[in-house]
Amino acid sequence: MGIKRIGKHLLEYRWRVRRIFTPKVLAAIEQAIKMSEAVHSGQVRFVVEGALDGKPLFRDQPARERALDIFSKLRIWDTAHNNGVLIYLLLADRNVEIVADRGIDAKVGAVAWEKICTDMETDFKAGNFERGVIKGIEAVSRQLAKYFPNSGVGPNELPDAPVVI
């Protein structure tokens, strides 16, 4: 565990998440999720965490492991067709992780998910957070629409609102 990472997480990124992901930006992300779920039967969640603290930070928890924890805590795996997808951004590390339930993950695979993450991170490096997240949602939705098109039946199983931690 590096002191630089601890410093970033403890000092700098708590306030930055609120400055970047304003209520207007979060509303646009929520709208993008709603629109995307009109074309597929999957479930998409977006979570942004400004920084790790406490045990996850001092254990030097990687973003991927943290994303898996959040995937479980938010019960994204608990969808009828095993087609829930989490897009997780750990802002302090500028790291995006996609965790997909087994139904969609078996069809799409790690390489495609990683490509979406890389494209999002490219936008983030340029300071285009809203555009990067929305492009990521659209890319995930194309995969879901390909394998789980909207059949017009079934409720929205997960909330559309982004989560800020």
Side-chain angles (χ1 to χ4, degrees), residues 1-2 4-6 8-10 12-14 16-18 20-21 25-26 28-30 32-33 36-37 40 42-79 82-148 157-165:
M1 165 176 29
K4 186 176 177 182
R5 184 173 191 231
I6 291 172
K8 259 201 264 188
H9 283 262
L10 290 177
E12 187 177 350
Y13 286 88
R14 288 252 169 261
R16 190 175 280 188
V17 72
R18 287 177 187 79
I20 293 170
F21 291 94
V25 171
L26 293 173
I29 292 168
E30 181 175 0
I33 292 170
S36 80
E37 290 181 349
H40 58 74
Q43 300 295 305
V44 178
R45 293 295 313 261
F46 172 71
V47 173
V48 57
E49 186 165 22
L52 298 177
D53 61 8
K55 191 174 180 180
L57 178 59
F58 292 105
R59 279 192 324 113
D60 200 24
Q61 186 176 38
R64 179 70 183 177
E65 188 179 306
R66 180 69 175 159
L68 289 167
D69 286 349
I70 291 170
F71 184 84
S72 177
K73 287 178 185 172
L74 295 178
R75 299 179 57 105
I76 298 170
W77 50 266
D78 196 17
T79 59
N82 299 312
N83 58 0
V85 178
L86 169 66
I87 302 171
Y88 171 77
L89 167 60
L90 181 54
L91 188 60
D93 292 344
R94 299 273 172 106
N95 192 337
V96 179
E97 295 290 339
I98 293 178
V99 180
D101 204 347
R102 64 187 177 276
I104 186 64
D105 192 50
K107 296 176 185 302
V108 175
V111 173
W113 296 132
E114 188 56 40
K115 169 80 169 93
I116 295 168
C117 291
T118 301
D119 290 348
M120 291 175 70
E121 289 167 354
T122 299
D123 277 325
F124 298 162
K125 285 177 186 165
N128 299 319
F129 289 91
E130 180 179 357
R131 184 176 70 185
V133 172
I134 291 173
K135 283 173 50 179
I137 290 166
E138 291 168 349
V140 166
S141 294
R142 283 191 294 276
Q143 295 297 327
L144 284 162
K146 183 176 179 180
Y147 299 108
F148 292 94
E157 297 177 86
L158 299 172
D160 295 328
V163 176
V164 177
I165 301 174

> Atom CG in L86, atom CG in D101: separation rounded to 0.5 Å?
Replying inline: 11.0 Å
>> What's the separation between atom CD1 in I137 and atom CD in E30, rounded to the nearest 0.5 Å?
In response: 10.0 Å
> Counting N and O atoms only, with roles assigned by atom type, does the side chain of S72 sit under 3.5 Å from a partner on the main chain of L68, one being a donor and the other an acceptor?
Replying inline: no
> At their closest point, which heavy atom of L52 faces which heavy atom of Q61, and how far apart are they?
Replying inline: CD1-O, 3.5 Å
>> Would you compute the distance between atom CG of L26 and atom CD of E130 and round it to the nearest 0.5 angstrom?
In response: 9.5 Å
>> Please check if the number of heavy atoms outside R102 that lie under 6.0 Å from its CZ is greater than 12.
In response: no
> Which pair of heavy atoms, one from K125 and one from R94, lies closest together, and at what distance?
Replying inline: CA-NH1, 4.5 Å
> Taking all atoms of both residues into account, what is the closest heavy-atom pair of G132 and M120, and its distance?
Replying inline: O-CG, 3.4 Å
> Under 4.5 Å between any side-chain heavy atoms of H40 and N83, yes or no?
Replying inline: no
> Shortest non-hydrogen contact from F21 to L89?
Replying inline: CZ-CD2, 3.7 Å
> Should W113 and I104 count as side-chain neighbours, where that means a heavy-atom distance under 4.5 Å?
Replying inline: yes
>> Do the side chains of K135 and D119 get close enough for a salt bridge, i.e. N-O under 4.0 angstrom?
In response: no
> How many angstroms lie between atom CD1 of I134 and atom CD of E138, to the nearest 0.5 angstrom?
Replying inline: 7.0 Å
> Taking the side chain as C-beta and beyond, is there a heavy-atom pair between I76 and V99 under 4.5 Å?
Replying inline: no
> Where is the tightest heavy-atom contact between I20 and V25, given as atom of each residue plus distance?
Replying inline: O-CG2, 3.8 Å
> To the nearest 0.5 Å, how far apart are CZ in R18 and CG in L91?
Replying inline: 11.5 Å
> For the residue pair A63 and N95, what are the closest heavy atoms and their distance?
Replying inline: CB-ND2, 3.5 Å
>> Does any part of the side chain of V85, heavy atoms only, come nearer than 4.5 Å to the side chain of Q143, both counted from C-beta?
In response: no
>> Pair I70, R45 - check side chain to side chain contact (heavy atoms under 4.5 Å, CB included), show working.
In response: CA-CA 10 Å; I70 291 170; R45 293 295 313 261; over 6 Å; no
> Would you call the rings of F124 and F129 parallel, tilted or perpendicular, where under 30° means parallel and over 60° means perpendicular?
Replying inline: parallel
>> Rounded at 0.5 Å granularity, tell me how far CD in E49 sits from CG in D69.
In response: 9.5 Å
> If we only count heavy atoms from C-beta on, is the V17 to V164 side-chain gap below 4.5 Å?
Replying inline: yes
> Would you find a donor on one side and an acceptor on the other, under 3.5 Å apart, between the side chain of E37 and the backbone of V44?
Replying inline: yes
